[in-house]
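All ligand and atom numbering here is 1-based and tracks the order in the structure. Keep in mind it's a predicted model, so treat the numbers as computed, not measured. Position 1 is the first residue of the sequence; numbering continues from there.
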Amino acid sequence: MSVTVRFAPSPTGPLHMGGVRTALYNYLFAKKHNGRFILRIEDTDQSRYVPGAEEYIMESLAWCGILWDEGPDKDGPHRPYRQSERKELYRKYALQLIESGHAYYAFDTPAELEAMRKRLESEKLSNPQYDCHTRMEMKNSLTMSKDQVNDHIASGNHYVIRAHIPEGREIVVNDLIRGQVRVNSSLLDDKVLFKSDGMPTYHLANVVDDHLMQVSHVIRGEEWLPSAPLHVLLYEFFGWHQSMPLFAHLPLLLKPDGNGKLSKRDGDRLGFPVFPLAWKDPKSGELSSGYKESGYFSEAFVNILALLGWNPGTDQEMFTMDELIESFTLDRVGKSGSKFDPEKAKWFNHQYLQSKSTEELAASYIRLLEEKDMQIDTQKAIRITAMVRERINFIHEMWEQTAFLFIAPSSYDEAFARKKWKPETPGILNALEKHLKEAIPFDVENISKAFQSYMDETGTGMGQIMPGLRLALVGEGKGPDLKEIMEILGKEEVLTRIARATENL
Ligand code: GLU
């Protein structure tokens, strides 16, 4: 069977990382089977349309390297790929269902629907909805005469077209992840398929397009599983049952702590992004952080997502996109939700960072410094990068790790000073100066010799020199190797910082 999959987001806001994972699994599956990956924009609900969201979705997928073969910006045999541009097409299918008796017009006003809901609630019905139990009490083409229906439509009254769900049928959804899911059709409501404003609802447009675009596998989030029985029925109503796509409903991404779906609020609360790219809400102006802007490599982000729900069946954790394509199978996607672990996400970025060459990291470091209006020569940048690369998870952390090389400490870590800055420390450092001055050139080797000659002369040990010297040069008790730091700072700056510390501490 030739494989065609689609990712079908609605442009109602930024794409959640769960959505990116859905796109990724579709992409991997398509590539693995030499199939096609369609990006379809499901924008039929105009009331939920958010300007900029479609562009955001496309930019996010492109950043991840999840590239579509057909889509709004890419021609293909099934164009257009934006449902609002396919609007004219859906009416025909809605009418076809009316003619075959699988759908009907309904004219109930919002007030009448509300009255029905209240009445059903007061009767304590477990499942109050517009369905096989209630439809015959409502205002629709099943309860009205043909003439009445025609009059209503002709006079421009608002209507919807609802699915005529059969009673008491067992509907089977064969899901590649969950196996057989069986539902009694009497539990389903007569979903709205089409509205008199000429727009289809998600259900109709989704099924019609999946059919017309010859989608072979529908791989989507678990939240759509309750809609799947209706979709199966629609394929049947249209007579498309034979070519119905196979379904795979992906498990949820869960919050790091507790239970439930991973939400933006969890990210805000625990300090991690839930969106691939930063997003500014066009209405509220609210800013949300993105993985990209937080310093994640797109390869790391993709690797993290791939393993949230899918397991390779081996201990391998690091995967390139090509390796993912090679290894990915739907039968290794689990049924239960996967907890997102923000610390593990950082670990992945750390691994990717360590796999880059020092030259490449240094180039990013130079750019980082340039953004702060600072210049550095390449050799020095490489030197510094080599010194701190293992200590960081993100490129931007290089600044925090190395700022002291450019800006002398203006204060000193109090707790560390209290413990390590002894009454004799200024004397030790001042006496050390003489030896450091003799280190020419001022490099790690000669600096080591200077320490040695000082220790030989005075009988002091490294333990008495280092903490105070580190405090004087760095301002705190931790950091990379001190002799390296000294070489990078240069003799003059080292002596100035020692002098300043012995005066101020
Ligand atoms: N437009 C739906 C969404 O936003 C697509 C669901 C599906 O893939 O069928 O998630």
Side-chain angles (χ1 to χ4, degrees), residues 3-30 35-50 52-58 60-61 66 68 70-72 78 80-87 90 163 173-178 181 191-194 199-235 240 244-253 261-264 274-276 279 305 309 330 333:
V3 164
T4 302
V5 296
R6 84 305 191 270
F7 178 55
S10 299
T12 53
L15 189 58
H16 185 276
M17 58 194 282
V20 184
R21 187 197 56 172
T22 301
L24 174 65
Y25 286 11
N26 273 284
Y27 173 79
L28 296 176
F29 188 75
R36 299 187 70 70
F37 175 51
I38 298 176
L39 174 65
R40 184 173 75 220
I41 301 294
E42 300 207 326
D43 58 348
T44 54
D45 188 350
Q46 295 292 321
S47 66
R48 295 184 63 217
Y49 182 83
V50 172
E54 181 182 319
E55 292 77 2
Y56 176 94
I57 291 166
M58 303 220 284
S60 299
L61 296 181
I66 302 171
W68 49 99
E70 300 169 36
H78 307 299
Y81 294 94
R82 213 177 266 118
Q83 287 186 328
S84 57
E85 293 169 21
R86 303 168 68 78
K87 186 177 162 193
Y90 305 109
V173 180
N174 281 311
D175 190 275
L176 294 169
I177 295 169
R178 297 164 179 272
V181 180
K191 277 265 181 318
V192 173
L193 301 176
F194 193 83
M199 275 296 194
T201 60
Y202 155 72
H203 302 288
L204 179 71
N206 188 269
V207 165
V208 165
D209 283 347
D210 282 348
H211 173 73
L212 295 178
M213 296 182 178
Q214 295 168 354
V215 169
S216 61
H217 294 74
V218 167
I219 305 171
R220 61 183 172 194
E222 185 181 79
E223 64 273 29
W224 298 104
L225 188 59
S227 302
L230 169 67
H231 297 178
V232 169
L233 274 178
L234 288 174
Y235 282 102
W240 300 334
M244 184 169 73
L246 297 170
F247 291 102
H249 288 92
L250 306 174
L252 292 177
L253 290 193
K261 193 175 159 181
L262 177 69
S263 71
K264 175 168 146 42
V274 296
F275 301 126
W279 165 259
L305 290 180
L330 281 173
V333 175

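Taking atom 8 (O) of ligand 1 as the reference point, the nearest protein heavy-atom neighbour is Arg6 NH1, 2.7 Å. The protein non-hydrogen atom at the shortest distance from atom 2 (C) of ligand 1 is Ala8 O, 3.3 Å.
Short contacts between ligand 1 and Asn206, defined as distances under 4.0 Å to a heavy atom of the residue, involve ligand atoms 7 (C), 9 (O). The atoms of ligand 1 that sit less than 4.0 Å from any heavy atom of Glu42 are 1 (N), 2 (C), 5 (C). Interface of Tyr202 with ligand 1, defined as ligand atoms under 4.0 Å from a residue heavy atom, comprises 2 (C), 5 (C), 6 (C), 7 (C), 9 (O).
A parallel orientation is assigned to the rings of Trp240 and His211, their planes being inclined by less than 30° (bins at 30° and 60°). Classification of the Phe247-His249 ring pair by plane angle, with boundaries at 30° and 60°, yields parallel.
Contact record, Glu85 with Pro80: OE1-CB, 3.4 Å, taken as the closest heavy-atom pair.
With a 4.0 Å heavy-atom cut-off, ligand 1 is reached by no atom of Phe7.
Within a 6.0 Å radius of NZ in Lys264, more than 12 heavy atoms belonging to other residues, nucleotides or ligands are found.
Using modelled atom types, one side-chain atom of Ser216 and one backbone atom of Thr4 make a donor-acceptor pair closer than 3.5 Å.
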